[in-house]
Enquirer: 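Sending over a structure as structure tokens; questions will come in a sec.
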Amino acid sequence: DVMLAVTADGYLKCSSFKSYKSSNSIMPGIKSEDLLVCADTVNTGDFVLSFTNKGNFIFTPVHEIQDGKWKDEGKHISHLVSLSGDEKIVQAFIVDEFKENVNLILASKFGNIKKTSLVDFVLIRYTKPAKAMNLLKDDALVGVDYVDGDSKVVVLTNKGKITAVGMRWTKG
């Protein structure tokens with residue numbers, strides 16, 4: 001087991017628990033303008049799914065992520081896959097098992113929503129990003145989350161609007 005950190009600018013690192021504990025910080029070292037997207041305990045047999053604003057995803061086996069000190073910013077993902085300069089990671093998940101009954105919900109800035117089985121994100125060749133969701137011009141992927149079974153989804157906008165997928169609204 002190791003500590004993993006993924007940032008929006010595409011920096012990845014795995015750090016030993018010794019490095020994590022000796023840093024005296026819960027937060028990993030990142031650039032001042034960067035944002036932490038994911039930080040968690042992972043097993044080197046796990047996988048990281050990173051989703052970008054361009055609707056792509058990156059499949060990364062944890063054992064291929066370079067070890068580093070928890071205080072350091074890590075290594076850019078470009079040493080594993082090539083990303084365009086304006087592509088940012090919006091969400092990253094640790095996956096230990098690709099289960100049939102688990103889905104991912106992807107949502108775009110323009111309100112498009114897509115539900116895809118987690119098993120559809122397994123890649124054999126993963127040296128370049130793969131398409132997770134087709135987007136219209138000027139649209140962007142803004143959110144991704146796990147759902148299982150018959151989950152109900154509620155989407156809130158930054159303007160206070162709400163929509164529900166798979167739910168009935170009742171007065172009461």
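What you are looking at is a predicted structure, and each value in this text was computed from that prediction instead of being measured.
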Enquirer: Donor-acceptor pairs under 3.5 Å, side chain of residues 120-138 to any protein atom, not counting sequence neighbours: which ones?
Expert:
{"from": "Tyr126", "atom 1": "OH", "to": "Glu64", "atom 2": "OE2", "distance (Å)": "2.7"}
{"from": "Lys131", "atom 1": "NZ", "to": "Lys54", "atom 2": "O", "distance (Å)": "3.3"}
{"from": "Lys131", "atom 1": "NZ", "to": "Asn56", "atom 2": "OD1", "distance (Å)": "3.4"}

Enquirer: Can you check whether Ser108 reaches Val142 side chain to side chain, under 4.5 Å on heavy atoms?
Expert: no
Enquirer: Please say yes or no: joined through hydrophobic side-chain contacts below 4.5 Å, possibly via intermediate residues, are Leu80 and Phe51 part of one cluster?
Expert: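 Different hydrophobic clusters.
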Enquirer: Give a yes or no on whether the backbone of Val62 and the side-chain of Asp46 come within a donor-acceptor separation of less than 3.5 Å.
Expert: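 Pair absent, no side-chain N/O of Asp46 close to backbone of Val62.
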Enquirer: Indicate yes or no: at least one non-hydrogen side-chain atom of Leu118 is less than 4.5 angstrom from one of Tyr146.
Expert: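 Yes, their side chains come closer than 4.5 Å.
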Enquirer: Of all heavy-atom pairs between Ile94 and Cys38, which one has the smallest distance, and what is that distance?
Expert: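 Between these two residues, the closest heavy atoms are CD1-SG, 3.3 Å.
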Enquirer: Looking at Lys114, I'd like to know if its NZ atom is crowded, meaning that more than 12 non-hydrogen atoms belonging to other residues, nucleotides or ligands lie closer than 6.0 Å.
Expert: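 Counting other residues, nucleotides and ligands, NZ of Lys114 exceeds 12 neighbours.
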Enquirer: Just how far is it from atom OH of Tyr11 to atom CG of Leu36, taken to the nearest 0.5 Å?
Expert: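 Going from OH on Tyr11 over to CG on Leu36, the span is 14.5 Å.
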Enquirer: Do any N or O atoms from the side chain of Ser78 and from the backbone of Ser82 form a donor-acceptor pair under 3.5 angstrom?
Expert: no
Enquirer: Starting at CG of Asp145, measure out to CG of Leu106 and round the result to the nearest 0.5 Å.
Expert: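 Asp145 atom CG to Leu106 atom CG measures 10.0 Å (nearest 0.5 Å).
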Enquirer: If you round to the nearest 0.5 Å, how far is CD1 of Ile105 from NZ of Lys115?
Expert: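 Those atoms lie 6.0 Å apart.
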Enquirer: Is a side-chain N or O of Thr7 found less than 3.5 angstrom from the main chain of Asp34, in a donor-acceptor match?
Expert: no
Enquirer: Taking atom types as modelled and ignoring hydrogens, do the side chains of Thr41 and Asp1 form a donor-acceptor contact shorter than 3.5 angstrom?
Expert: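 The criterion, which ignores hydrogens and geometry beyond distance, is not satisfied for Asp1 and Thr41.
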Enquirer: Begin with the C-alpha distance, continue with both residues' side-chain angles, and end with the deciding distance and a verdict on side chain to side chain contact (heavy atoms under 4.5 Å, CB included) for Val90 and Val37.
Expert: CA-CA 7 Å; Val90 295; Val37 174; over 6 Å; no
Enquirer: Show the numbers, then the answer: is there a side chain to side chain contact (heavy atoms under 4.5 Å, CB included) between Val95 and Val102?
Expert: CA-CA 11 Å; Val95 180; Val102 176; over 6 Å; no
Enquirer: CG/Leu4 to OG1/Thr60 distance, rounded to the nearest 0.5 angstrom?
Expert: 9.5 Å
Enquirer: Looking at CG of Asp139 and CZ of Phe110, how far apart are the two atoms once the value is rounded to the nearest 0.5 Å?
Expert: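 Asp139 atom CG to Phe110 atom CZ measures 5.0 Å (nearest 0.5 Å).
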Enquirer: Phe93 and Phe47: aromatic ring centres closer than 6.0 Å?
Expert: no
Enquirer: Report the C-alpha distance between Leu104 and Val147 in whole Å, list the side-chain angles of each, state the deciding distance to 0.1 Å, and finish with yes or no for side chain to side chain contact (heavy atoms under 4.5 Å, CB included).
Expert: CA-CA 6 Å; Leu104 293 178; Val147 293; over 6 Å; no
Enquirer: Among residues two or more places apart or on two chains, list those pairs meeting salt bridge (Lys or Arg N to Asp or Glu O under 4.0 Å) that have a residue in residues 87-106.
Expert: Asp9-Lys88
Enquirer: Could you tell me the separation between the CD1 atom of Ile65 and the SG atom of Cys14, rounded to the nearest 0.5 Å?
Expert: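 Answer for the CD1-SG pair, Ile65 versus Cys14, is 4.5 Å.
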Enquirer: Are Leu83 and Val144 grouped together when hydrophobic residues (ILVMFWY) are joined by side-chain heavy atoms under 4.5 angstrom apart?
Expert: no
Enquirer: Of all residues at least two apart in sequence or in a different chain, which pass the side chain to side chain contact (heavy atoms under 4.5 Å, CB included) check with Ser50?
Expert: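 Testing Ser50 for side chain to side chain contact (heavy atoms under 4.5 Å, CB included), a comparison that skips the adjacent residues, returns Val6, Val48, Ile58, Ile89, Ala92.
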Enquirer: Within the distance-only criterion (no hydrogens, no angle test), does the side chain of Ser19 pair as donor or acceptor with the backbone N or O of Trp70 below 3.5 angstrom?
Expert: yes
